[in-house]
There are 2 protein chains.
Amino acid sequence: MTHETKPSERRRNKTRQDILDAAHAMIVERGVEGLSLRAVSDQLDYSPAALYRHFGSKDELVDAIRAQCFERLNTAIFQRVASANGAVEQLLAGGLAYIDFARQYPIDFHLMFHFAPSASTQAENRQTAMRALLFLVRGGIESGVFVTTETYNEDAITLHCWATVHGIAILQTTVARDEPGATVTTIETILRKVIAGFTAAS
Amino acid sequence: MTHETKPSERRRNKTRQDILDAAHAMIVERGVEGLSLRAVSDQLDYSPAALYRHFGSKDELVDAIRAQCFERLNTAIFQRVASANGAVEQLLAGGLAYIDFARQYPIDFHLMFHFAPSASTQAENRQTAMRALLFLVRGGIESGVFVTTETYNEDAITLHCWATVHGIAILQTTVARDEPGATVTTIETILRKVIAGFTAAS
DNA sequence: ATTCAAATGTGAGCAGTGTACACTTTTTGA
DNA sequence: TCAAAAAGTGTACACTGCTCACATTTGAAT
């Protein structure tokens, strides 16, 4: 079931991934600004020009790394959501997974929301995450667990959830990680509070 | 009351501000990455090396621009808060001012949370905003308008407010400005909902 | 008014960057 | 086996941030 790829194609993908890995490691180590194509090519025993057989430009390379980070985030969220039961717990699990990712890979997280002029793949990836969240919210509404009003409707709830989670995540990466009250229990309290704001009384 | 400055000092400050303005305009126009010291010096009829009499490095220049953006944000918030009455309305006004700023100056806002390795002034400025927010929250608590619990205490509320507002603001700058449900009324609804979560029943 | 030092601005140049292009080498498929 | 396609190289260009010895201007004390 390995999707029948020709060996040449697999080799190509491998070197492509090697480049991505080396560049990613360099970003994690020295920041986005510290990424140098020459350093990457040196480390891989390539000539600088060789990288341009795989990526049209530096921005394209970084975009590809960004895309892989988004994939990792999305699967991390998906796994945590899948192992939770009920709309409330699933939404909470998704939010915590998001925040944990930011905490665990702050540089990656920062990179992901570091939009370049040519922000194409980025928008797509974010839409994926957005749709997943919207799916959770919609499910909760349809099952009657979440309630809406005219002004606080489905879109508003989705925005609210995303903003809260993203805000906490960003603050964890930029501000000192141990800001007063940024403990895991505090974060869970906040998220539960938000969710409770649109959960039907039992 | 003009703080008695020598003319030489004023001239120095003026050229310094000229450099800051030119660089800032260039960032707004072409993004942070598009900022070139040579282009700035060209525009001001200076030699490239001249800028180094005013700023030790490019990072220092950008940091100074960042600091001025923070100042603008802080005063914008302060004004709006000052023209509101009561803890609830003041907190709401501050949040809306924050979000409006991000909406109005997305590139500036993005720049402000674009931390470089040497993030010194940044931390200070953010602490200022944080303290202002904390001040509002604390005032509301002491006047009995806001209520706390053991887990949802002062720090938690502060974090919650900041994260929500910052999250909405960031999403407004990165994602398309007209995301479904990101209207002004929706945003106000969300903020009121959050504030209601720690407001004493009347 | 003279003088001397500090401040300000300059020109040349270094090391490093992303990138283009003609070139060679390797791999592939008929 | 052989030509075409793919992969990799070396050189070079324009650009970057930045340094430093030097020229110019300014400020103030003599």
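Below, read A as the first sequence line, B as the second, and so on, with proteins coming before strands; counting in each chain starts at 1. Bear in mind that the values here come from a model prediction, so they are computed numbers and not experimental data.
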Just how far, in rounded Å, is [atom2] of [N] from [atom1] of [X]?
X: B:L37; N: D:dC18; atom1: CG; atom2: C1'; value: 9 Å
X: B:R10; N: C:dA7; atom1: CZ; atom2: C1'; value: 18 Å
X: B:R11; N: C:dT8; atom1: CZ; atom2: P; value: 8 Å
X: B:D42; N: D:dC15; atom1: CG; atom2: C1'; value: 12 Å
X: B:R30; N: D:dC15; atom1: CZ; atom2: C1'; value: 13 Å
X: A:R12; N: C:dT28; atom1: CZ; atom2: P; value: 13 Å
X: A:F55; N: D:dA7; atom1: CZ; atom2: P; value: 13 Å
X: A:Y52; N: D:dA6; atom1: OH; atom2: P; value: 21 Å

- [ ] Have a look at B:T15 and say if it touches a base, only the backbone sugar-phosphate, or nothing, with a 4.0 Å heavy-atom cut-off.
- [x] nothing

TODO: For A:L35, answer base if it contacts any base atom (sugar-phosphate contacts may also be present), sugar-phosphate if it contacts only those atoms, and nothing otherwise; contact means non-hydrogen atoms under 4.0 Å.
DONE: sugar-phosphate

Open item on the list: Please enumerate all residues that pass side chain to side chain donor-acceptor pair (under 3.5 Å) together with B:E89, with sequence neighbours excluded.
Closed with: B:R192

Open item on the list: One thing to verify: whether B:K14 and B:D18 come together as a salt bridge, which I'm taking to mean a side-chain N less than 4.0 angstrom from a carboxylate O.
Closed with: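 Between B:K14 and B:D18 there is a salt bridge, with a charged N closer than 4.0 Å to a carboxylate O.
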
Open item on the list: Less than 6.0 angstrom separating the ring centers of A:H110 and B:F113, yes or no?
Closed with: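 No, the ring of A:H110 stays outside the 6.0 Å limit from the ring of B:F113, centre to centre.
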
- [ ] Check salt bridge (charged side-chain N to carboxylate O under 4.0 Å, His left out) between B:R138 and all other residues, then give those that pass, not counting sequence neighbours.
- [x] B:E154

Look for any protein N or O under 3.5 Å of an N or O in nucleotides 9-13 of chain D and output each such pair with its distance, or none.
unit_1: D:dT9; atom_1: OP2; unit_2: A:S47; atom_2: N; d: 2.7
unit_1: D:dA12; atom_1: N6; unit_2: A:R38; atom_2: NH2; d: 3.3

Task: Side-chain N or O of A:H54 closer than 4.0 Å to phosphate OP1/OP2 of D:dG8 - done: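 True: A:H54 side-chain N/O within range (under 4.0 Å) of D:dG8 OP1/OP2.
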
Distance-only donor-acceptor hits, side chain of residues 129-137 of chain B, under 3.5 Å, sequence neighbours excluded:
none

Task: side-chain hydrogen bond (donor to acceptor under 3.5 Å, both in side chains) contacts in which one or both residues fall within residues 76-88 of chain B, not counting sequence neighbours - done: B:R80-B:D100

Show me the donor-acceptor pairs within less than 3.5 Å that the side chains of residues 43-54 of chain A make with the rest of the protein, sequence neighbours left out.
unit_1: A:S47; atom_1: OG; unit_2: A:A49; atom_2: N; d: 3.2
unit_1: A:H54; atom_1: NE2; unit_2: A:T15; atom_2: OG1; d: 3.4

